[in-house]
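Heads up: the structure comes next, in structure tokens.
So you know, we letter chains A, B, ... as the sequences are listed, proteins then strands, and number each from 1. We use all heavy atoms of the structure for the numbers below, so side chains are in, but hydrogens, waters and symmetry mates are not.
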2 protein chains.
Amino acid sequence: MRKQVTLKDIAAAAGVHVSTVSRALDPVTATTLSDEVVAQIRSAATAMGYRRNRIASSLRTQQSKTVGVVLPDISNWIFPPMVRGIEKVLEEAGYAAFFVNTDNLVAREERLLSALLERGVDGILHAAVLRDSPALAALAAEGLPVLTLNRRVDPSRIPCVINDENAGIQMMVTHLVEAGHSQIAAISGPQALSTGMMRQQALLTTLAGMGLRQPACSHVEANGFSEEEGSRCCAELFDRGNHFTAILCANDRLALGALSELRARGLSCPDDVSLTGYNDMPYLDWIAPGLTTVRIEQAEAGRVAAELMLQMLNGAEVPQETVMPVTMIRRGSVTPPRRLRELQASRNPV
Amino acid sequence: MRKQVTLKDIAAAAGVHVSTVSRALDPVTATTLSDEVVAQIRSAATAMGYRRNRIASSLRTQQSKTVGVVLPDISNWIFPPMVRGIEKVLEEAGYAAFFVNTDNLVAREERLLSALLERGVDGILHAAVLRDSPALAALAAEGLPVLTLNRRVDPSRIPCVINDENAGIQMMVTHLVEAGHSQIAAISGPQALSTGMMRQQALLTTLAGMGLRQPACSHVEANGFSEEEGSRCCAELFDRGNHFTAILCANDRLALGALSELRARGLSCPDDVSLTGYNDMPYLDWIAPGLTTVRIEQAEAGRVAAELMLQMLNGAEVPQETVMPVTMIRRGSVTPPRRLRELQASRNPV
DNA sequence: AGCCCTTACGCAATCGTTTGCATAGCCTGA
DNA sequence: TCAGGCTATGCAAACGATTGCGTAAGGGCT
């Protein structure tokens, strides 16, 4: 911070009191002043290159016009669009955002939360929350505006913006079944995250609803949403010796990991095994054979979350749960199982 | 911001003056106090859940322990790793960062810069700078620590951390030439950005140094580093009717755009045209045929830049220019030109 | 003309920390 | 014993903006 021109300087230049300057510069309080004074002060201010010191302002008003945004890891492709959505809305409302990454590490998260609070954030938008998050719940209980995004604290009264995991998983399962798959293996996400949990639940209810059974032995739980875990889990599915013609993965990165494991085993997707993902990461359509997946609207979710946050900051009530719609993206990674294809081919020879 | 426990509260509880509490809580000034008092105050502070109000602190000390990080667009894949590198270093030093995205829009950049300054950032790390950036130069001249990353203000005394564009381009050209290409087209980046400019310069000097000539007509300048521009420029290369067997692209996204245009024209990479990129975006190896490119170390560059920024914040001098090394990543998008391959095949029949 | 109300602005306290200076007490040394 | 010095702490003024309250001037009304 360097020496800057303050209200006092402008007051001296304009021959008025600093409080008058303060009022002249705020459109709403300026109405109590005479037009000439306001005009004079404003022109003096711009002439002198005045820039409001928000720190002093924050101290006095007890609000920093700042929110903290907590992410697991911005390097994860699904977050940048979300961040842009958040930033856009907040910036237009005069808010700035501190972005931090927890790497899903509890200790790190606590440190970062603390840093955010020291800096007087007016609210926290949390996209990296664990299902069980007492610290955050405590903050919310104290009256700090808190909203979770993509995930939720479970159970709690913290408002959240999440995606329609049920619909998404149901689409994928239906799509696989309609393609003729009846032996569907699954790689699910970490159950400590609400997304992992909810998608897994959705899978079970969907299968049950369709009268299918997914044997426990063809279901592996990943320890994280990464390619490595996807490969590991895929390998484990094969090692168990169960037969399956498709793998439903809890997100795209797990699916990519599975894809590379398939290739490593000399198998082809979709010829030997169909694969589905979740999230629709950017550039996914560039990767052959094109992963069939569920698109979640990250940027839109970010915008919605930021708008809800603004409402909370204004003291308004917001819905406990906002569910964003998802859509299915069909690409090349799902085809009918080989058996069916061959059957079809023999019936309709070329 | 909610009611919080202040130094005054602790002072009252401990029966001392608030200045004493302030001193007790700062490890360095605490040495002037008696050990018992310090211990007593500290325990009272933690017992009462004291959290330092950095806003008040900033106002008094005139430094916010905050830096502004200006990006073109966090959705661009090369930035998230950089952001993580920056965040890691700054956070360890007790700094927090405001991240903003300019979308390469001058008006937006000015608004954002202004917002950062109002919030009293101690320094600015700028990765979205145009070659000509008077506003930023002015800030730097006023004594605000400013450092540019990935790009530079040209000319100016603003320190920068950039990549070794010369080496990178030279590697790509050499690789193409060694593969047998002599008719190399180029899609260069926007010349308003130092990266676009420097890579273009590097291309010309490299070609000249090798005794090759790149005719102006097989060189197209993109208006932005995007897939769309890559496609457009690739199309323009064909429309001009010049013959070429390889396209050197100023970054990966341009190369991807070119790739899709090739496919749209029924051509194959690398069978018909070889392609090179720049940056080595994540997941690029998943995209067939695998783009041969230049890897730049984003995370490392972010770390280095943040450390230089910390030095500047401490009043130290830093080098005017820090050049990060780059490495070549060979994948499948470059092969000898068809003519050579056929020649080879006829000589060594399988 | 006198009263009151409004208008337009000044006054001063306040937000929570930091820090230069003042001071009270104690110790040391002559 | 007393000057002088040191130690440990208190005092109060900042930092810059905001805002409740006070008040002078002016105008309208009777």
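For A:Ala24 against A:Leu33, the heavy-atom pair with the smallest separation is N-CD1, 3.6 Å. Residues A:Gln298 and A:Pro81 come closest through the heavy atom pair CB-CB, 4.0 Å.
Sequence neighbours left out, the pairs with a member in residues 50-83 of chain A that pass ring pair (Phe, Tyr, Trp, His ring centres under 6.0 Å) are A:Trp77-B:Trp77, A:Trp77-B:Tyr283. For residues 87-117 of chain B, the ring pair (Phe, Tyr, Trp, His ring centres under 6.0 Å) pairs, not counting sequence neighbours, are A:Phe98-B:Phe98. Pairs engaging residues 68-84 of chain A under the salt bridge (Lys or Arg N to Asp or Glu O under 4.0 Å) rule: A:Asp73-B:Arg84, A:Arg84-A:Glu87, A:Arg84-B:Asp73, A:Arg84-B:Asp103 [sequence neighbours left out].
Contacts of A:Glu300 classified as side chain to side chain contact (heavy atoms under 4.5 Å, CB included), with partners at least two apart in sequence or in another chain: A:Glu297, A:Arg303, A:Val304, A:Met324. Legend: residues meeting side chain to side chain donor-acceptor pair (under 3.5 Å) with A:Lys8, ordered by chain and number and at least two apart, are absent. Every residue meeting the side chain to side chain donor-acceptor pair (under 3.5 Å) condition with A:Glu92, not counting sequence neighbours, appears here in chain and number order: A:Lys88. By the side chain to side chain donor-acceptor pair (under 3.5 Å) test, A:Gln311 pairs with no residue at all, sequence neighbours left out.
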Atom pairs, N/O to N/O, protein against nucleotides 23-26 of chain C, distance under 3.5 Å?
none

For nucleotides 7-11 of chain D, give me every protein contact, N/O to N/O, under 3.5 Å, one pair per line with atom names.
from	atom 1	to	atom 2	distance (Å)
D:dT9	OP1	B:Ser34	OG	3.2
D:dT9	OP2	B:Ser34	N	2.8
D:dT9	OP2	B:Ser34	OG	3.3
D:dG10	OP1	B:His17	N	3.4
D:dG10	OP2	B:His17	N	2.9
D:dG10	OP2	B:Thr20	OG1	2.2
D:dG10	N7	B:Arg23	NH2	3.2
D:dG10	O6	B:Arg23	NH2	2.8
D:dC11	N4	B:Ser19	OG	3.1

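Dashed line: the shortest gap from a side-chain N or O of A:Gln62 to OP1 or OP2 of C:dT14 is not under 4.0 Å. Applying the 4.0 Å criterion to OP1 and OP2 of D:dG16, one finds that A:Tyr50 has every side-chain N and O outside that range.
The CD1-P distance, from B:Ile55 to C:dG16, rounds to 11 Å in whole Å. Regarding B:Asn53, its CG atom lies at a distance of 18 Å from the P atom of D:dC15, rounded to whole Å. Atoms CG (A:Leu59) and P (C:dT14) sit 13 Å apart, rounded to a whole Å. When the P atom of C:dC15 is taken as reference, atom CZ of B:Arg52 falls 20 Å away, rounded to whole Å. The CG-P distance, from A:Leu7 to D:dC15, rounds to 13 Å in whole Å. In this entry the distance linking CD of B:Gln63 with P of D:dA14 reads 21 Å, nearest Å. Going from atom CZ of A:Arg51 over to atom C1' of D:dA17 covers 17 Å, rounded to whole Å. As rounded to whole Å, 17 Å separates atom C1' of C:dC15 from atom CZ of A:Arg54.
Side-chain proximity of A:Thr61 to D:dC15, D:dT19, C:dC15: nearest is D:dT19.
A:Ser22 comes within contact range of at least one nucleobase, with a heavy-atom separation under 4.0 Å.
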